[in-house]
Asker: 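Here it is, the structure in full.
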Amino acid sequence: MSSAPSPRIERKRDKRVQEIVRTAADLFAERGYDAVSLDDVAERLDVTKGSLYYYFAGKDELCTAALETLGNGWMERLEELSAAYDGSDVGRLRALLHEHIMIAVRDYPAALRLFLVPREWPASQARSIKAMRTRHDAIFRDVIDSGVRAGEFDAISTDVTLQCMHAAMTQAPTWCGRLTGRARTRAIDELTDTLMLLVGCSRADD
């Protein structure tokens, strides 16, 4: 009877899987699904292609893992922030916008590019991307609708407001990604403040 792996071995394996997933996500985002092979992922990691099969059965499984790992991690952070926030809808929306931009710029820049064009992905991955985008939309829709009902927000249309917010947030890595230190912090804060104007709020409303 084989014994279970030690916690140290499990942590090492998890760390390796995360490294593979992030590398694959970067490549898929850069080149698209069809243009990336397991050989490309192995080359970027400086490992043999065979070593990838220890963790993933093939390209399709690796791609799905990349989408789910990065996407779920992103959505969970936003959902937990929204649920835990104890304050006005103005403050909650500002916190969500700022967190989303921080994740996009600092933590998961590749994930954002992965979710932009689901039509280019195989059906199974396209469905996962669509579900993740729906989940993301619901997080922001909930707080905007709540703020409108409470009289905290002045939005002509929740749908149009969300479209404008999402369009701007997708550009955050391009606008802020190459900045560092205080310049990046200032750019993220300014983008957050600008997006809050879409619901009729400024810093003075916090």
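What you see is a predicted model, and the numbers here were worked out from it, not measured in a lab.
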Asker: If two hydrophobic side chains count as joined below 4.5 Å and joins carry through other members, does Tyr53 share a cluster with Leu27?
Answerer: yes

Asker: Parallel, tilted or perpendicular: which one describes the rings of Phe140 and His166, with boundaries at 30° and 60°?
Answerer: perpendicular

Asker: Check Arg44, Glu43, Gln18 against Thr23 for a side chain to side chain contact (heavy atoms under 4.5 Å, CB included) and give me the one that passes.
Answerer: Arg44

Asker: Are any side-chain N or O atoms of Lys59 and backbone N or O atoms of Val36, one a donor and one an acceptor, separated by less than 3.5 Å?
Answerer: yes

Asker: Tell me, with the steps shown, if Asp107 and Met102 meet side chain to side chain contact (heavy atoms under 4.5 Å, CB included).
Answerer: CA-CA 7 Å; Asp107 300 329; Met102 286 288 288; 5.6 Å; no

Asker: CZ of Arg22 to CG of Leu70: how many Å apart, nearest 0.5 Å?
Answerer: 6.5 Å

Asker: In this structure, are over 12 heavy atoms from other groups packed under 6.0 Å from Arg178 atom CZ?
Answerer: no

Asker: Under a 4.5 Å cut-off applied to non-hydrogen side-chain atoms, are Ile103 and Arg77 in contact?
Answerer: yes

Asker: Side chain to side chain contact (heavy atoms under 4.5 Å, CB included) between Arg16 and Glu19: does it pass, once the steps are laid out?
Answerer: CA-CA 5 Å; Arg16 187 56 169 164; Glu19 183 182 11; 2.5 Å; yes

Asker: Do Met169 and His136 have side chains that get closer than 4.5 Å, going by heavy atoms?
Answerer: yes

Asker: Is any side-chain heavy atom of His98 less than 4.5 Å from a side-chain heavy atom of Ile188?
Answerer: yes

Asker: Once you measure the plane-to-plane angle for His100 and Trp74, does it fall in the parallel (<30°), tilted (30-60°) or perpendicular (>60°) bin?
Answerer: tilted

Asker: Ignoring hydrogens and angles, state whether a donor on the side chain of Thr134 or Asp137 is under 3.5 Å from an acceptor on the partner side chain.
Answerer: no

Asker: Kindly give the heavy-atom pair with the smallest separation between Phe153 and Cys201, and that separation in Å.
Answerer: CD2-SG, 3.7 Å

Asker: Should Leu93 and Glu152 count as side-chain neighbours, where that means a heavy-atom distance under 4.5 Å?
Answerer: no

Asker: Working to the nearest 0.5 angstrom, can you tell me the gap between Thr158 OG1 and Asp145 CG?
Answerer: 4.0 Å

Asker: For Leu195 and Met165, which heavy atoms make the closest approach, and how far apart are they?
Answerer: O-CE, 3.6 Å

Asker: What's the spacing between Leu78 CG and Leu97 CG if we round to 0.5 Å?
Answerer: 9.5 Å

Asker: Looking only at heavy atoms, which two atoms of Ala65 and Phe56 are closest? And how far apart?
Answerer: CB-CE2, 3.5 Å

Asker: Would Asp142 and Arg92 pass as an ion pair if we require N to O under 4.0 Å?
Answerer: yes

Asker: Is Val17 linked to Tyr54 within one hydrophobic cluster, defined over Ile, Leu, Val, Met, Phe, Trp and Tyr using a side-chain heavy-atom separation of less than 4.5 Å?
Answerer: yes

Asker: Nearest 0.5 Å please: distance from the CZ atom of Phe28 over to the SG atom of Cys63.
Answerer: 4.5 Å

Asker: Within a radius of less than 6.0 Å around CG of Leu197, do more than 12 heavy atoms belonging to other residues, nucleotides or ligands occur?
Answerer: yes

Asker: Can you name the closest pair of heavy atoms from Glu68 and Ser128 and give their distance?
Answerer: OE2-OG, 4.4 Å

Asker: Side-chain heavy atoms under 4.5 angstrom apart, residues restricted to Ile, Leu, Val, Met, Phe, Trp, Tyr: same cluster for Leu52 and Tyr55?
Answerer: yes

Asker: Do Leu96 and Tyr85 belong together in a cluster built from hydrophobic side chains that touch within less than 4.5 Å?
Answerer: no

Asker: Sequence neighbours left out, what passes side-chain hydrogen bond (donor to acceptor under 3.5 Å, both in side chains) with Glu79? Give chain and number order.
Answerer: Arg135

Asker: Please find the pair of heavy atoms, one from Ile101 and one from Ala172, that lie closest to each other, and give the distance.
Answerer: CG2-CB, 3.9 Å

Asker: Indicate yes or no for a side-chain donor-acceptor contact from Thr194 to the backbone of Glu190 under 3.5 Å, with no hydrogens or angles considered.
Answerer: yes

Asker: Starting from the C-alpha separation in whole Å, work towards a yes-or-no answer on side-chain hydrogen bond (donor to acceptor under 3.5 Å, both in side chains) for Ser37 and Asp40.
Answerer: CA-CA 5 Å; Ser37 67; Asp40 296 322; 3.2 Å; yes

Asker: State whether Arg13 and Glu10 are salt-bridged, where the test is any N-O pair (Lys NZ or Arg NE/NH1/NH2 against Asp/Glu carboxylate O) under 4.0 Å.
Answerer: no

Asker: Please report the shortest heavy-atom distance between Leu81 and Ala95, naming the atom on each side.
Answerer: CD2-O, 3.5 Å

Asker: When rounded to the nearest 0.5 angstrom, what is the spacing between CG in Leu62 and CG in Leu67?
Answerer: 9.5 Å

Asker: Would you say Met196 and Val90 make side-chain contact, with heavy atoms under 4.5 Å?
Answerer: yes

Asker: Quick one: are Asp193 and Arg94 in side-chain contact, heavy atoms under 4.5 Å?
Answerer: yes

Asker: I need the Ser82 OG to Asp89 CG distance, nearest 0.5 Å.
Answerer: 8.5 Å

